[in-house]
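Notes for the one structure printed next.
Just so you know, residue 1 is the first one in the sequence shown, and it goes up from there.
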Amino acid sequence: MQPSEIPLKKRYVKDASFEAFLCRNRFKSIDVLRVTEITEQDYDLLRFFGGNEKLRWLNATKASSKLKFAYLAAQYMSANKLDEPEGFAFVVSKLDDNAWKFAIAFARFHKVKVALSNLTTVQLAMHDASAGLNSAMAGMAAAQELSRSHNRLYDREQARATSNLLNLSALYASYIDVCRRLRRYTDLHGAKSYDRAKNRLIANRTGQHLFLKDLRNFILHNELVQPQCLIHYDFERGKTTKLVLESHYLLLRGTDWKKEARKFIQSGEHIDIVDAVRKVIEDVDRFVDLHHKLASKRLRQDKRSYDHYTHERERHQHLVHAMFDPGAIFKQRSSLTSRLIEKSVLKSLLESSLPQNELLRVLTSIADRHQNLPQSIRQKLELELLELIEKRIDFPIANAYLDGRKI
């Protein structure tokens, strides 16, 4: 069977053994690639070929030409270059979305950017799970006070609390994994300054952090722990509600608690889950901010180059939106204004007290923020904006008063 006849599913295996197979059998990229259409899988597949093979696509098909420009951009960004802005802008204008995703992945800061985005996603998910835990606690407290339907409502809210607690412990493990990856990307492994910052941020809450981390293993290797709701009535403080886990149960059923986690569990008869989670998330928020600052500081040049690359792509996309009218496909033209200015920004400015000339200048500057719109497009845009401005309501302008005093 010829290499081109091998099914794509069998040919496309991303590992070192497949790379060795290609080299051993002296395959060329044209032997295993579909040259009539370039897909994301094809871009990934070509990672296994050398530089000479990557740029053999000079004058063949249209798809081959697209592949050539994708590799030109990838090679430029992998070297953190900024010395050919005109040429880079030209290459970017030739890339479709798939080619751009492939090329930008070679930029040095890209992995860090993705990891920081993942860290923020995990952080927000922890906030959502914490809010769900608080909501479940309120539901369990309400169910206890409604004795008739206590069992059914209480069990439902307790299941919600258990689910959110499991989510939090799993998310904390993901948070640790992403932080470890970021330390590797920024060469912070074993750095004493990083350890000092970590100890300063966590302070005396190491036990809470290790408890939440080990709780995931406890649940996976033993069983789900179901929080209980305790309501305490006090003459001075009023009613207080807590969502708790029994300490002795955790200690008896789990034998692999870290030293600080075990110490935290032994600190009381019950563990106030909501309070512990709140303190951990406060530390996580500060730690996420620290990683963003460290990445910007230690990889300053990489970040600068990456920002330049993404800015150039935004400029190109901005021009595409100005030139391409998707409404025409359905015989309903969309305005330039709607494509270049966000609806909320447009509404806010039209309702402002800016005079007509100033408002036109501001809106035009926002629409042409990258200063790459052709003159014909700008003229058409100004006509649309003038028509909108003439239709707006003129609000009377009076002096400013505060508590009846003119200021």
Salt-bridge contact Asp307-Arg304 (side-chain N to carboxylate O under 4.0 Å): no
Would you indicate whether Arg278, at its atom CZ, is surrounded by more than 12 heavy atoms from other residues, nucleotides or ligands within a distance under 6.0 Å? yes
Using atom types as modelled and distance alone, determine if a side-chain donor or acceptor of Arg313 lies under 3.5 Å from a backbone N or O of Ser93. no
So Arg392 and Leu359, side-chain contact (heavy atoms from CB on, under 4.5 Å) or not? Walk me through it. CA-CA 11 Å; Arg392 73 171 180 158; Leu359 181 58; 3.4 Å; yes
Salt bridge between Glu312 and Arg315, side-chain N to carboxylate O under 4.0 Å? yes
Just by distance, do the side chain of Arg216 and the backbone of Lys213 share a donor-acceptor pair under 3.5 Å? no
Whether Glu282 and Arg205 form a salt bridge (side-chain N of Lys/Arg under 4.0 Å from carboxylate O of Asp/Glu) is what I want to check. yes
Could you go through the salt bridge (charged side-chain N to carboxylate O under 4.0 Å, His left out) check for Arg369 and Glu314 one step at a time? CA-CA 11 Å; Arg369 52 192 171 275; Glu314 287 173 5; over 6 Å; no
Would Leu224 and Thr162 count as a side-chain contact (heavy atoms from CB on, under 4.5 Å) here? Give the steps. CA-CA 7 Å; Leu224 281 174; Thr162 303; 4.0 Å; yes
Look at Glu157 together with Arg160 and state whether they make a salt bridge at an N to O cut-off of under 4.0 Å. yes
Heavy-atom distance under 4.5 Å between the side chains of Cys179 and Arg183, does that happen here? yes
Between His311 and His370, does a ring-ring contact (aromatic ring centres under 6.0 Å, His included) hold up when you go through it step by step? CA-CA 9 Å; His311 174 73; His370 295 298; 5.1 Å; yes
With a 4.5 Å cut-off on side-chain heavy atoms, are Phe211 and Leu245 touching? yes
Is there a side-chain contact (heavy atoms from CB on, under 4.5 Å) between Leu360 and Ile389? Walk through the geometry before answering. CA-CA 8 Å; Leu360 178 62; Ile389 292 172; 4.0 Å; yes
Do Tyr309 and Phe88 have ring centres separated by under 6.0 Å? yes
Closest non-hydrogen contact found for Val122 with Tyr175 is CG1-CB, 3.9 Å
Salt bridge (charged side-chain N to carboxylate O under 4.0 Å, His left out) between Asp177 and Arg181, intermediate numbers included: CA-CA 6 Å; Asp177 181 60; Arg181 202 177 320 145; 2.9 Å; yes
Is the backbone of Ser130 close enough, under 3.5 Å, to the side chain of Asn134 for a donor and an acceptor to pair up by distance? yes
Where is the tightest heavy-atom contact between Thr186 and Ala295, given as atom of each residue plus distance? CG2-CA, 4.3 Å
Under the ring-ring contact (aromatic ring centres under 6.0 Å, His included) criterion, do Phe102 and Tyr71 qualify, and how do the steps go? CA-CA 9 Å; Phe102 169 80; Tyr71 269 101; 5.0 Å; yes
Do Leu215 and Leu165 have side-chain heavy atoms sitting under 4.5 Å apart? yes
Provide the closest heavy-atom pair for Cys229 versus Gln144 in the form atom of the first, atom of the second, distance. O-NE2, 3.1 Å
Please check if the distance between the ring centroids of Phe218 and Trp257 is under 6.0 Å. yes
Measure the spacing between CG of Asp368 and CG of Leu381 and express it to the nearest 0.5 Å. 8.0 Å
Could you tell me whether the side chains of His316 and Asn372 share a donor-acceptor contact shorter than 3.5 Å? no
Looking at every heavy atom in both Leu153 and Ala143, which two are closest together, and how far apart are they? CB-CB, 3.7 Å
Short side-chain donor-acceptor distance under 3.5 Å, Ser247 and Glu269: no
Is any side-chain heavy atom of Glu384 less than 4.5 Å from a side-chain heavy atom of Leu388? no
The test is side-chain contact (heavy atoms from CB on, under 4.5 Å); show your working for Asp275 and Lys279 and say whether it passes. CA-CA 6 Å; Asp275 181 66; Lys279 292 176 179 177; 3.3 Å; yes
For Ser335 and Ser338, does a side-chain donor sit closer than 3.5 Å to a side-chain acceptor? yes
Student check: side-chain heavy atoms of His318 and His321 closer than 4.5 Å: no
With a 4.5 Å cut-off on side-chain heavy atoms, are Val274 and Asp272 touching? yes
Side-chain (Tyr185) to main-chain (Ala115) donor-acceptor, under 3.5 angstrom: no
Any heavy-atom pair between the side chains of Met137 and Pro227 that's under 4.5 Å? no
Plane angle bin for Tyr306 and His110 - parallel if under 30°, tilted between 30 and 60°, otherwise perpendicular: tilted
Heavy atoms only: give me the nearest Leu133-Ala161 pair and the separation to one decimal. CD1-O, 3.4 Å
Minimum heavy-atom separation for Leu171 to Ala129, with atom names? CD1-CB, 4.5 Å
Close side-chain approach of Thr337 and Leu385, heavy atoms under 4.5 Å: yes
Do any N or O atoms from the side chain of Ser117 and from the backbone of Lys113 form a donor-acceptor pair under 3.5 angstrom? no
Proximity of Phe106 and Tyr76 rings by center, below 6.0 Å: no
So does Ser78 get a backbone contact from the side chain of Arg108, meaning a donor-acceptor N/O pair under 3.5 Å? yes
Between Ser305 and Gln301, is there a side-chain donor-acceptor contact under 3.5 Å, judged purely by atom types and distance? yes
Taking atom CG of Asp83 as the centre, report whether more than 12 heavy atoms of other residues, nucleotides or ligands fall under 6.0 Å from it. yes
How far apart are the C-alpha atoms of Asn217 and Asp256, what are their side-chain angles, what is the distance that settles it, and do they pass the side chain to side chain donor-acceptor pair (under 3.5 Å) test? CA-CA 9 Å; Asn217 293 331; Asp256 296 329; over 6 Å; no
Should His291 and Phe287 be marked as a ring-ring contact (aromatic ring centres under 6.0 Å, His included) after you check the CA-CA gap, both sets of side-chain angles, and the distance that decides it? CA-CA 6 Å; His291 281 87; Phe287 220 53; 5.0 Å; yes
In terms of side-chain geometry, is the basic nitrogen of Asp289 or Lys293 positioned less than 4.0 Å from the acidic oxygen of its partner? no
